[in-house]
Every structure is written in C-alpha cells, then in structure tokens.
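Okay, handing you the structure first.
For clarity, every value in this text was computed on a predicted model and none was experimentally measured.
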Amino acid sequence: MRLRMVAVAAAASLLALTACGGGDAEDGPATLRMTIWSSSPDHLALLNGIADEYRKSHPDVTAITFDSLPLENYTTTLTTQLAGGNAPDLAWVLESSAPDFVRSGALVPLEDTLRAASDYDYDDLQPSTTKLWTADDHLYAYPFSTSPFGVFVNTDLVKKAGQRTPAELIKAGTWTWDAAFALGSAVQSKAGKAGLVVRDFDYKTWDNLATVWGGWGAEAWSADGKTCGFDKPEMVAAMTALHEAIFTAKALPGPGTAPDFFAGDAAMTITQISRASLLKDQTFGWDLVPLPAGPAGEYSVIGQAGIGVLKKSAHVDAATDFLAFLTDPANSTKLARFFPPPRKSQLNTETLAAGNPLLEPEQLQAVVIDGIDSGTVKPSHVGSAEIGQQVRSALDPLWKPGADVRAVLGSVCAAIAPLLKQ
C-alpha cells in the first residue's frame with residue numbers, strides 16, 4: 001500500500017508542475033545533473049566522454065554528472081525528486097511514463113533549440129520515433145533509444161541439449177513460440193541450465209512480457225487507452241501458454257531464480273542490443289535472432305526512451321544546449337553503439353555495425369532495422385505509475401502452479417479499468 005501511495009503522490013507531483021513555473025535560474029557557472037537508469041561502466045564512459053567534450057567549448061558549465069537510479073523504481077524516484085525540489089536538469093524517461101511527462105508540463109519544448117543547433121539536421125529524425133514524445137507540435141524529449149527486443153541465444157547450450165538452433169528453425173520457417181518453449185524445456189532437462197529468460201522481468205516488471213504476448217496479438221489496453229485488454233481472449237491464450245511454459249514445461253525459470261544468460265546460465269534471453277557488450281569476454285557460441293512468431297504471426301516489440309529537460313531545472317538553457325550537443329549527428333552515432341538512433345540517415349547496418357562490432361550486419365538488419373520498421377512500443381499510459389503498481393499486484397497470484405489464469409487476468413482489469421478511463 002505504501003508503494004502505491006508513493007507512486008500516486010509522485011504522479012500527482014508531475015501534474016502539479018503544469019501550474020508551476022520553471023526553476024529559479026541561477027547566476028554564474030552551471031552544474032548539470034542528468035538521471036539515467038544504467039550503471040553500466042561502458043554507458044557511463046561514453047556519456048562522460050561526450051560531456052567532457054562539451055565542456056571544452058562551454059567553460060560556463062563546470063560539471064555534468066550522470067545520476068544512476070535503479071530501473072525498478074526509476075520513475076518513482078525521479079518524480080519524488082521533482083516533488084521534493086531536487087529536480088535534475090535532464091532525465092531519461094521510460095516509454096511507459098512518456099504520456100505523464102509529455103502532458104504534465106514537466107518538460108521543456110526542445111524543437112526550437114534543436115532546429116537552431118549547428119549541423120543538427122532536425123528533419124533527419126524519423127517521425128515514428130518522435131510520436132510518443134510529441135504533443136501540440138512540440139517535441140518534449142529526444143528519443144535517444146528506439147530499440148527492438150530480440151533473442152540472444154547460447155548456441156553451445158542448445159547443441160548440448162541436442163536441439164536445432166533458432167537460426168536453423170528460422171531457416172526452416174518454424175521459429176515460433178511453441179518451438180521456443182520446447183527448446184527452453186529441452187535445455188533445462190538435458191543440459192541442466194535455464195531455457196528462456198525474459199531479462200529484467202523477474203516477475204515484477206510486467207510490461208516486459210509484451211515481448212511474449214505480442215505473438216498472440218494481445219495488448220494491455222486498447223489503442224485509445226480506455227479499455228483493458230488483459231481479459232481479452234488473445235491475452236488469456238498468451239498468458240496461459242506462458243504459465244504452462246513456466247510451471248509445467250520448465251522452459252522458463254520460476255519466481256525466485258535469476259539465471260544470467262550472459263554468464264552462461266541460460267540458453268536464451270529476450271533483451272535489447274545494448275546488452276551485447278556483456279558478451280565481449282564470453283567464450284560460448286551465441287547468436288541474436290528476432291522474437292519467435294506467435295499465433296498472430298511475426299511481430300516486433302520496441303523499448304523506447306527519451307531524454308528531456310526538466311522545467312524545474314535551474315539551468316534550462318544550458319541543459320537544453322547540452323542535449324542538442326549530446327544528440328547531434330556525430331554524438332548520435334556514438335550513442336548508436338548501445339542505443340539504436342532515431343535518425344533516418346543512421347538506421348542502416350553500416351552505422352549500427354560500427355557501434356556494435358560484436359553483432360553481424362544480418363543480425364542488426366533482422367532485429368533492429370526491420371524491428372523498428374514494424375514494431376509496437378511497449379505499453380504506456382497517463383498515470384502509468386499507479387496503473388503499473390495495480391497490474392503488478394493483480395498479477396502476483398498468477399505466478400504459482402495451478403493458478404486460474406482467466407480469473408487472475410480478470411482481476412487485473414477490475415483493478416485498472418477505472419484508472420484507464422480517467
């Protein structure tokens with residue numbers, strides 16, 4: 001209950017910003033802080049390198065720091081900072097929270113500064129990537145990462161279990177969820193390792209399951225956001241298949257276990273290409289393939305993140321100018337090493353391969369470029385913090401043997417239906 005109250009209060013603080021002015025501008029040198037949800041040494045080295053380059057030509061900015069917050073409670077922590085008068089200057093924003101941040105007035109419009117920046121080429125931004133971050137013709141966050149989910153495969157474990165690899169199944173036209181679950185089950189029983197891991201799900205981050213239920217054509221809610229989709233036949237079928245894969249076939253690890261694919265503890269994991277850097281020192285054979293097809297056919301799911309400037313920043317102009325530098329064509333190419341860029345000119349195998357030397361051009365084309373072209377962004381909604389807490393709580397009874405899948409999903413809709421209509 002306390003978590004829910006914190007989430008609701010934090011979300012309310014965002015809405016309160018609409019009626020409030022910006023932060024009080026400070027005289028003198030600026031110190032900028034940007035919140036992020038990564039603590040990866042590689043990510044931080046890249047960001048700090050770009051910040052150091054910026055400061056060489058901007059002596060009025062004395063420091064730029066990157067504040068790593070845990071992903072699980074990132075948005076709640078960020079909005080609590082806003083409510084407590086400790087707003088960062090810039091922030092990564094999750095796609096699930098985009099409607100709240102974009103519509104609340106918490107963020108500064110960016111388009112004028114970006115268009116005016118030297119050699120920025122604002123029109124190179126692909127409209128499909130900026131849609132979630134735009135309202136009333138204003139861009140409120142730069143979509144620095146538009147990253148489809150794929151399946152990393154430990155081919156050594158698959159072969160040890162005497163199974164065909166996903167690449168072989170793709171060639172045969174049989175890379176489906178049925179095949180993926182069967183493969184995961186075989187690895188668990190024959191090789192003694194976990195089969196398939198939905199990374200960062202951990203029976204908590206429920207929206208990562210969109211990478212699974214999308215194969216059945218299921219959705220958390222309707223396109224207009226007003227109607228719950230958890231009790232629809234497509235979702236019931238998807239979650240029934242997932243439940244059986246977890247508790248009957250043992251194709252996925254159950255609650256309370258956290259095998260790490262990148263340490264060689266699982267045959268497959270669903271995640272994004274930014275994780276590929278974790279494989280640079282691994283000795284096992286691996287591959288990257290698209291998500292399996294489901295009863296609804298082939299599909300792609302995209303995780304998207306934006307960078308916005310907080311209206312409550314004490315240095316709005318400096319923060320917006322730094323964002324323009326951070327996301328210009330040259331630095332966008334650097335960020336593409338981990339985060340697929342929104343620039344039309346850079347969504348090609350040459351640019352992506354230059355930043356992702358561990359991945360083959362064919363993998364980048366099939367998973368990233370084709371995925372962006374046809375993908376659906378993970379669920380997002382106004383009031384995402386409260387809705388997310390309700391979904392997570394209502395889904396808890398599902399994660400045990402013998403659960404009544406249909407009844408549990410019905411309880412999800414009962415919990416969130418009033419919130420969807422607000």
Can D224 and S222 be counted as having a side-chain donor-acceptor contact under 3.5 angstrom?
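There is such a pair between these side chains.
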
Any donor-acceptor pair under 3.5 Å linking the side-chain atoms of T320 with those of T113?
no

Excluding sequence neighbours, so at least two apart, what forms side-chain hydrogen bond (donor to acceptor under 3.5 Å, both in side chains) with N154?
none

Taking only residues at least two apart or on different chains, which pairs with a member in residues 343-356 satisfy salt bridge (Lys or Arg N to Asp or Glu O under 4.0 Å)?
D124-R343

D321-Y54 side chain donor-acceptor pair, cut-off 3.5 Å
yes

Tell me yes or no: between the side chains of Q126 and S128, is some donor less than 3.5 Å from an acceptor?
yes

Exercise: identify the closest heavy-atom pair between P341 and S332
CB-OG, 3.5 Å

Does the side chain of P166 reach to within under 4.5 Å of the side chain of L183, using non-hydrogen atoms?
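P166 reaches L183 side chain to side chain.
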
What is the minimum heavy-atom distance between A30 and A318, and which atoms define it?
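What the structure gives for the nearest pair is CB-CB, 4.3 Å.
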
Side-chain H-bond candidate by donor/acceptor type, D100 with H381, under 3.5 Å:
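The answer is no; no qualifying pair exists.
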
Would you say the side-chain atoms of T31 and T62 include a donor-acceptor pair closer than 3.5 Å?
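Side-chain D/A pair, T31 to T62: present.
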
Minimum heavy-atom distance between T211 and Y299, given as atom pair plus value:
O-OH, 2.6 Å

With a 3.5 Å cut-off and sequence neighbours excluded, list the donor-acceptor pairs that the side chains of residues 247-259 form with protein atoms.
{"residue": "K250", "atom": "NZ", "partner": "F247", "partner atom": "O", "Å": "3.4"}
{"residue": "T257", "atom": "OG1", "partner": "G254", "partner atom": "O", "Å": "2.8"}

Intermediate values then yes/no, side chain to side chain contact (heavy atoms under 4.5 Å, CB included), V93 and I307:
CA-CA 6 Å; V93 181; I307 304 175; over 6 Å; no

Before we go on, tell me: are the rings of F230 and W213 under 6.0 Å apart, centre to centre?
yes

For residues 359-380, which residue pairs qualify under salt bridge (Lys or Arg N to Asp or Glu O under 4.0 Å), counting only residues two or more places apart or in two chains?
E95-K378, D207-K378

Sequence neighbours left out, what pairs pass salt bridge (Lys or Arg N to Asp or Glu O under 4.0 Å) with at least one residue falling in residues 29-51?
R33-D67, D42-K280

Y120 side chain to T327 side chain, donor-acceptor N/O pair below 3.5 angstrom
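Distance-only check passes for Y120 and T327.
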
Looking at N356 and L359, would you say the former's side chain and the latter's main chain have a donor-acceptor pair under 3.5 Å?
no

What closest approach, in Å, do P329 and Q346 show between heavy atoms, and which atom pair accounts for it?
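What the structure gives for the nearest pair is O-NE2, 2.9 Å.
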
For T269 and V151: C-alpha separation, side-chain torsions, deciding distance, then whether side chain to side chain contact (heavy atoms under 4.5 Å, CB included) applies.
CA-CA 5 Å; T269 189; V151 182; over 6 Å; no

When the side chains of residues 131-138 are checked against the rest of the protein, which donor-acceptor pairs come out under 3.5 Å, sequence neighbours left out?
{"residue": "W133", "atom": "NE1", "partner": "Q304", "partner atom": "OE1", "Å": "3.0"}
{"residue": "T134", "atom": "OG1", "partner": "T130", "partner atom": "O", "Å": "2.7"}
{"residue": "H138", "atom": "ND1", "partner": "E111", "partner atom": "OE2", "Å": "2.6"}

For L69 and L78, work out which heavy atoms get closest and say how close.
CD1-N, 4.4 Å

Is a donor on one side and an acceptor on the other found under 3.5 Å between the side chain of T205 and the backbone of N208?
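Not confirmed, T205 side chain does not pair with N208 backbone.
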
